[in-house]
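For this chain, numbers begin at 1 and follow the sequence in order. Atoms within a ligand are numbered from 1 in the order they appear, just like the ligands themselves.
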Amino acid sequence: MPPSSDGLGDVLVDQATIEREVARLGAQISGDYAGKRPHLVAVLKGAALFVADLMRTLTIPTTLDFISVVPYPQASASGVVRIRKDLDDPIEGKDVLVVEGICASGLTLSYLLRNFQTRNPASVRVCAFVAKQRERPPEVRLDYVGCQIPDVFVVGYGLDRDERHRNLPYIARVT
Ligand code: IMP
Ligand code: MG
């Protein structure tokens, strides 16, 4: 895909790769959770497209909930986030699978994992479609990863810059 005047650069994950990796994750998760019913918790808005695709590849029963967090503007580097929209349902006793569109510093997930642990789930695992190659806090274990990318800013497949480009069916660098 050629660079465009829209600020889009190289495609890092094309549509065929997305489909292949989602199917791979779906098969792996379906196997790992055989006999269970994972409770998917998608992190809005970035994971919206991914969770919709991922769910369709799962061959086990699931339930779905959403959470939306926003970093405190002055404190985002400290990992302090605010819950903008909390879960609809309790997660006590459930096998929670947190579904993230992209994990960069891991601070958002670190906060969410700590928050979820206080609600007594049976288990918590994390599935991130994109993981940036960079250091993260040790408690942020990504159990399932679709693709690794360099530490550059990307958009598409649910990911935005200033709310734009979420609808791209591939993941591209922004210039
Ligand atoms: P983290 O807390 O640094 O891991 O970042 C998590 C959040 O930052 C993600 O859920 C995204 O909303 C956003 N984010 C981080 N990197 C990117 C990117 O390259 N493109 C779009 N959003 C990003
Ligand atoms: Mg964003």
Side-chain angles (χ1 to χ4, degrees), residues 1 3-15 17-18 21-22 25 29 38-55 64-88 91 96-119 124-175:
M1 187 90 28
S4 76
S5 56
D6 217 16
L8 293 179
D10 294 344
V11 173
L12 295 191
V13 190
D14 65 24
Q15 203 168 349
T17 305
I18 291 175
E21 293 307 308
V22 170
L25 290 172
I29 292 166
H39 184 63
L40 308 185
V41 170
V43 185
L44 292 172
K45 304 172 197 169
L49 275 62
F50 174 43
V51 77
D53 288 344
L54 180 68
M55 279 191 91
L64 174 65
D65 205 346
F66 295 97
I67 194 164
S68 175
V69 295
V70 57
Y72 278 110
Q74 260 105 50
S76 51
S78 70
V80 179
V81 303
R82 175 171 67 81
I83 293 181
R84 178 160 42 197
K85 180 233 168 281
D86 202 356
L87 300 173
D88 288 342
I91 56 171
V96 172
L97 181 61
V98 182
V99 180
E100 247 291 26
I102 188 164
C103 183
S105 69
L107 291 175
T108 305
L109 275 172
S110 172
Y111 170 82
L112 285 176
L113 293 172
R114 268 179 285 131
N115 181 287
F116 291 165
Q117 283 305 341
T118 67
R119 309 189 199 197
V124 181
R125 286 189 191 168
V126 176
C127 176
F129 188 65
V130 178
K132 290 192 183 178
Q133 284 157 341
R134 54 182 281 183
E135 253 185 80
R136 280 183 275 277
E139 72 275 13
V140 179
R141 214 186 82 208
L142 304 181
D143 300 282
Y144 305 97
V145 173
C147 29
Q148 306 264 0
I149 63 162
D151 190 12
V152 296
F153 205 83
V154 292
V155 293
Y157 197 52
L159 307 176
D160 74 303
R161 185 172 68 180
D162 300 332
E163 294 303 323
R164 296 186 59 217
H165 303 306
R166 289 193 198 274
N167 57 313
L168 292 175
Y170 50 84
I171 293 173
R173 225 180 139 147
V174 272
T175 51

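- Contacts between R161 and ligand 1 below 4.0 angstrom, taking non-hydrogen atoms only, are absent altogether.
- The nearest pair of heavy atoms linking L12 to P150 is CD1-CD, 4.4 Å.
- Contact annotation: for V152 versus ligand 1, heavy atoms closer than 4.0 Å belong to the backbone alone.
- In terms of protein heavy-atom proximity, atom 10 (O) of ligand 1 is closest to E100 OE2, 3.1 Å.
- For the side chain to side chain contact (heavy atoms under 4.5 Å, CB included) test with D88, the passing option among I67, L64, D65 is D65; the others fail.
- For atom 18 (C) of ligand 1, the closest heavy atom belonging to the protein is F153 CE1, 3.4 Å.
- At least one heavy atom of D160 sits less than 4.0 Å from an atom of ligand 1.
- At the top of the distance list for atom 16 (N) of ligand 1, counting protein heavy atoms only, stands K132 NZ, 3.1 Å.
- For the pair D143 (side chain) and V126 (backbone), a donor-acceptor distance under 3.5 Å is present.
- Among all non-hydrogen protein atoms, the one lying nearest atom 20 (N) of ligand 1 is V154 O, 2.6 Å.
- Here R166 pairs with D160 in a salt bridge; the nearest charged N to carboxylate O distance falls below 4.0 Å.
- Which parts of ligand 1 touch G106 is read off a 4.0 Å heavy-atom cut-off, strictly below it: atoms 1 (P), 3 (O), 4 (O).
- In terms of polar-atom proximity, defined here as any N/O pair under 3.5 Å, L109 makes no such contact with ligand 1.
- The single protein non-hydrogen atom nearest to atom 7 (C) of ligand 1 is T108 OG1, 4.1 Å, given as residue, atom name and distance.
- Side-chain N or O atoms of R136 include one that pairs as donor or acceptor with a backbone N or O of A104 at under 3.5 Å.
- Counting only heavy atoms, the protein gets under 4.0 Å from atom 2 (O) of ligand 1.
- Considering just the N/O/S atoms of D160, the one nearest the Mg ion (ligand 2) carries the name OD1.
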**Prompt:** Between R82 and Y111, does a side chain to side chain contact (heavy atoms under 4.5 Å, CB included) hold up when you go through it step by step?
**Reply:** CA-CA 9 Å; R82 175 171 67 81; Y111 170 82; over 6 Å; no
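- Evaluated for a side chain to side chain contact (heavy atoms under 4.5 Å, CB included) with L40, the options V98, I29, L97 yield exactly one hit, L97.
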**Stepwise side chain to side chain contact (heavy atoms under 4.5 Å, CB included) check, F50 with I18** = CA-CA 9 Å; F50 174 43; I18 291 175; over 6 Å; no
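- Protein heavy atom closest to atom 15 (C) of ligand 1, with residue, atom name and distance, is A104 CB, 3.8 Å.
- R136 does not count as a contact of ligand 1, since none of its heavy atoms falls under 4.0 Å from the ligand.
- Protein heavy atom in closest approach to atom 13 (C) of ligand 1: I102 CG2, 4.4 Å.
- Although no hydrogens or angles enter the test, the distance criterion places a donor-acceptor pair under 3.5 Å between the side chain of K132 and the main chain of V152.
- A side chain to side chain contact (heavy atoms under 4.5 Å, CB included) with V154 is found for exactly one of L159, V174, V13, D10, namely L159.
- Of the heavy atoms in V43, none comes closer than 4.0 Å to ligand 1.
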